[in-house]
Amino acid sequence: MAIFKGRSFILFPNNEVSSINIFENLIKNNGGKIIEYEHDITNASPDINYGYSHIIGLVNDSYLTLNNNKYEIYENNLLLNEMDLNKRKLWEFVKKNNITLVNISSVSFWLKVKKILINQDNIITITKDPGLHLEEISTSDSCNQSTSECETDIGDIINELVKCNSGSSKNLNSNLNNADNVGEVSSSGTLHGLKNEVIPQYNNEIEEDNKSISASSLARNTNGNELLIKTLDKLSKIHTIRGDEFRSRGYKLAKISVSKYPHKIKSAKEAQEKIPHIGASIAKKIETLLKTGKLPGLEIASKLESRKEYFSSCYGIGPVTAENWDSLQINSLNEALKRFPKIFQHDWSILFGWKYYEDWNKKIPRSECVKHMQIIKEELKLLDDSIECEIQGSFRRNRALCGDIDILFYKKECDDISDLYVVLEMLAIKLYKKKYIKCFLQLSKNINLVFDNEIQTTLQKAGISNNEFRSISLTNRPKLFLGAKLSTTIPEFDTSLYTINPEIDVKLHSEDKYMSSSVQANSVSHALEEYPCRRIDFFICKWSEIGASKLHYTGSGEFNREVRKIAISKGMKLTQHGLYQNDILLESFNEKRIFDLLDIPFIEPPDRQELKF
DNA sequence: CAGACGGCGCATCTCG
DNA sequence: CGAGATGCGCC
DNA sequence: GTCTG
């Protein structure tokens, strides 16, 4: 397919962002050219008949707004600030020669309809361009000037508007509404079904640790900060999904601090002065929140992220892939499969993430964890009764509901990990043959032997051929990831747990359901009686590292980060292998001694949700 | 005001 | 080919 | 995002 043959494209504001990058590749793969520098144009002289009509300018959708059904660049400075000198020159060129400008997601649409289709409504009009002159922008000084005018932050339009433009929420809303409509407009009505699909709304709290934090803190702190906590949580999630890890963390830490704060926050000033992790920016948001009861644009912003949230709830799909698919206006896993079968063929574990999407987003009651443990222990005894195992993770932290089951295996006075791995692999294979283990998420030679069939069946079910080489690790790993399911039905006394604590139900799109394991099982009225498939992780540790390992695998993740930060501040390093100073091992065997060396009191696992120093 | 923000395992991609 | 970067995973 | 040296 070379629908872009003979065409050249200029991407604005830059080519560096990953979501833009994917368009760049799409264009190249379909015969189009990318213009990056001015000389790319001057070298190729304009067509005698059509001038520069073979050149199309593409603008990233996030910089656009709708006005009377027409695209406009909603804040020129924002766009210009993201361009380097070359791009600014090309921008001048585009303006001077009236090069057609359209929103970049049109590319995705063109590929769908297999031709380039531009109508008047798609064309972006440049209004009130401040008309930066080349002489001006070529000095670095004035670049700085234009940035200081309104500190901008790539892609974070919402926050910027709140900050720079807090007076007018009108502007903000029109932009966001438009962004919400981008899919519809660029498809000019022809792809109407696309937008109508209902993206499932699920509970905000998918993550087990988050869930327990906010649940417990809400219980002990019903003092009126709930709205703020919820807002901070949303902001954190939005930035996680956008892949901005550190900004997301900023909000998350603020959220945790507010949860712990024992009073109702009465003013932004109070919050900023008394609560850690609240700085100028969040204080400003608090002010708006206290005054108006909401943060303009937040709802719409999180709606914009919902497609990405859907994708990244699937095992094997992270923020980058979700962002890529989202920017191509892919709405379902099935659509992604049709477009990029190779990804699924190669990253076959995503197919199992899909198959068990709903199951793996459910919580596990403690009582069920114990049952899994019994099965595994029993089988292990038969293989090697000198190997011991314990559940770590949220189970050891005494959570009523766990996200998955983490089992740590070790053997007294044994530091040979690959020795242990061999036994564990046998254990897993036996359990697979007994149909307790349903799937593996990575392969070794032996596992592939028993599991290959299942992979192939699953690939077929997805409608992709299986001629791809699958990489098989030869080394003995310290871990084994798998999915397993209790074959019995849920006993009477247990069902209350499943109904009183309804597991958070993350639902697949209807067109994605066909891959789901629960489709067959739940079609009968048995739904409640059968156990879901669970994520189970086997971890192996050296006997000499058992303290550090338990500390690591008990978590929580948040707790680990805090403790490790303390280690750093004392010039040490803490990992699952031990506590180090200048690469010299200080302690790895005794969990308590690690706390001692870090000069913090021993914290019981149930209190390791978050740090309380 | 620049730089850090946890640390590691595994698979894959990219580039010299 | 190997070193480093990237993406996703684990707590 | 905030915090630190």
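These numbers were taken from a predicted model, which means no experiment stands behind them. Below, all heavy atoms of this structure are taken into account, side chains as well, without hydrogens, waters or symmetry copies. Just so it is clear: chains get the letters A, B, ... in the order the sequence lines come, proteins before strands, and each one is counted from 1.
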Exercise. Has A:Arg561 got a side-chain N or O lying under 4.0 Å from the OP1 or OP2 atom of B:dG6?
Worked result: yes
Exercise. How close or far is atom P of D:dT2 from atom NE2 of A:His277, stated in whole angstroms?
Worked result: 10 Å
For this session: Name the nucleic acid region contacted by A:Leu574, choosing base, sugar-phosphate or nothing; use a 4.0 angstrom heavy-atom cut-off, strictly under.
Result: sugar-phosphate
Problem set entry | Of the listed nucleotides B:dA11, B:dT12, C:dC11, the one nearest the side chain of A:Gln442 | B:dA11
For this session: Would you indicate which nucleotide in C:dC10, B:dC8, B:dC13 comes nearest to any side-chain atom of A:His346?
Result: B:dC13
Exercise. Is any NZ, NE, NH1 or NH2 atom of the basic residue among A:Glu368 and A:Arg534 found under 4.0 Å from an Asp or Glu carboxylate oxygen of the other?
Worked result: yes
For this session: Rounded off to whole Å, could you give me the CZ-to-C1' distance for the A:Phe352 and C:dC8 pair?
Result: 18 Å
Exercise. Over how many whole Å does the gap from A:Glu562 atom CD to B:dC5 atom C1' extend?
Worked result: 10 Å
Exercise. Should A:Ser281 be listed as having a side-chain N or O under 4.0 Å from OP1 or OP2 of D:dG1?
Worked result: yes
For this session: Determine the interatomic distance between C1' on B:dA11 and the same-named atom on D:dG1; round to the nearest Å.
Result: 31 Å
Problem set entry | Length of the line joining A:Leu232:CG and D:dT2:P, which is rounded to integer Å | 10 Å
For this session: Between C:dA5 and B:dA4, how far apart are the P atoms? Round to whole Å, please.
Result: 15 Å
Exercise. Do A:Ser556 and A:Arg608 have side-chain N/O donor and acceptor atoms under 3.5 Å apart?
Worked result: no
For this session: Scan A:Ala254 against the nucleic acid and name what it touches under 4.0 Å (heavy atoms): base, sugar-phosphate only, or nothing.
Result: nothing
For this session: Please check if any side-chain donor atom of A:Tyr315 sits under 3.5 Å from a side-chain acceptor atom of A:Asn361, or the reverse.
Result: no
For this session: Look at the side-chain N and O atoms of A:Lys255 and state whether any lies under 4.0 Å from the OP1 or OP2 oxygen of D:dG1.
Result: no
For this session: Starting at atom NZ of A:Lys479, determine the distance to atom C1' of B:dG9, rounded to an integer number of angstrom.
Result: 4 Å
For this session: Identify, between A:His552 and A:Pro478, the residue whose nearest nucleotide on DNA chain B lies closer to the 5' end.
Result: A:His552
For this session: Look at all strands and tell whether A:Phe246 reaches a base, only sugar-phosphate, or nothing, counting heavy atoms closer than 4.0 Å.
Result: base
Exercise. So among A:Phe538, A:Phe395, A:Tyr436, which one has a ring-ring contact (aromatic ring centres under 6.0 Å, His included) with A:His372?
Worked result: A:Tyr436
Exercise. Which part of the nucleic acid does A:Thr321 contact within heavy-atom distance under 4.0 Å: base, sugar-phosphate only, or nothing?
Worked result: sugar-phosphate
For this session: Quick one: label A:Asn560 by what it contacts on the DNA or RNA (base, sugar-phosphate, nothing), any heavy atom closer than 4.0 Å.
Result: base
For this session: Would you indicate what A:Thr554 reaches in the nucleic acid, counting non-hydrogen atoms under 4.0 angstrom: base, sugar-phosphate, or nothing?
Result: sugar-phosphate
For this session: Look at the rings of A:Phe481 and A:Phe539 and say which category their plane angle falls in: under 30° parallel, 30 to 60° tilted, over 60° perpendicular.
Result: perpendicular
Exercise. Using the P atom in both, what is the distance from D:dC3 to B:dG6, to the nearest Å?
Worked result: 14 Å
Exercise. With a 4.0 Å cut-off on heavy atoms, is A:Arg249 in touch with a base, just the backbone sugar-phosphate, or nothing at all?
Worked result: sugar-phosphate
Exercise. So what does A:Ile317 touch, heavy atoms closer than 4.0 Å: a base, only the sugar-phosphate, or nothing?
Worked result: sugar-phosphate
Problem set entry | Residues A:Glu270 and A:Tyr261: side-chain donor-acceptor under 3.5 angstrom | yes
Seminar exercise, completed: Regarding the side chain of A:Arg477, the nearest nucleotide among B:dC10, C:dC11, B:dC5 is B:dC10
Exercise. NA contact type, A:Arg396, heavy-atom cut-off 4.0 Å: base, sugar-phosphate, or nothing?
Worked result: nothing
Exercise. What nucleic acid atoms does A:Leu441 come within less than 4.0 Å of, heavy atoms only: base, sugar-phosphate, or nothing?
Worked result: nothing
Exercise. To the nearest Å, how far apart are A:His577 NE2 and B:dG7 C1'?
Worked result: 9 Å
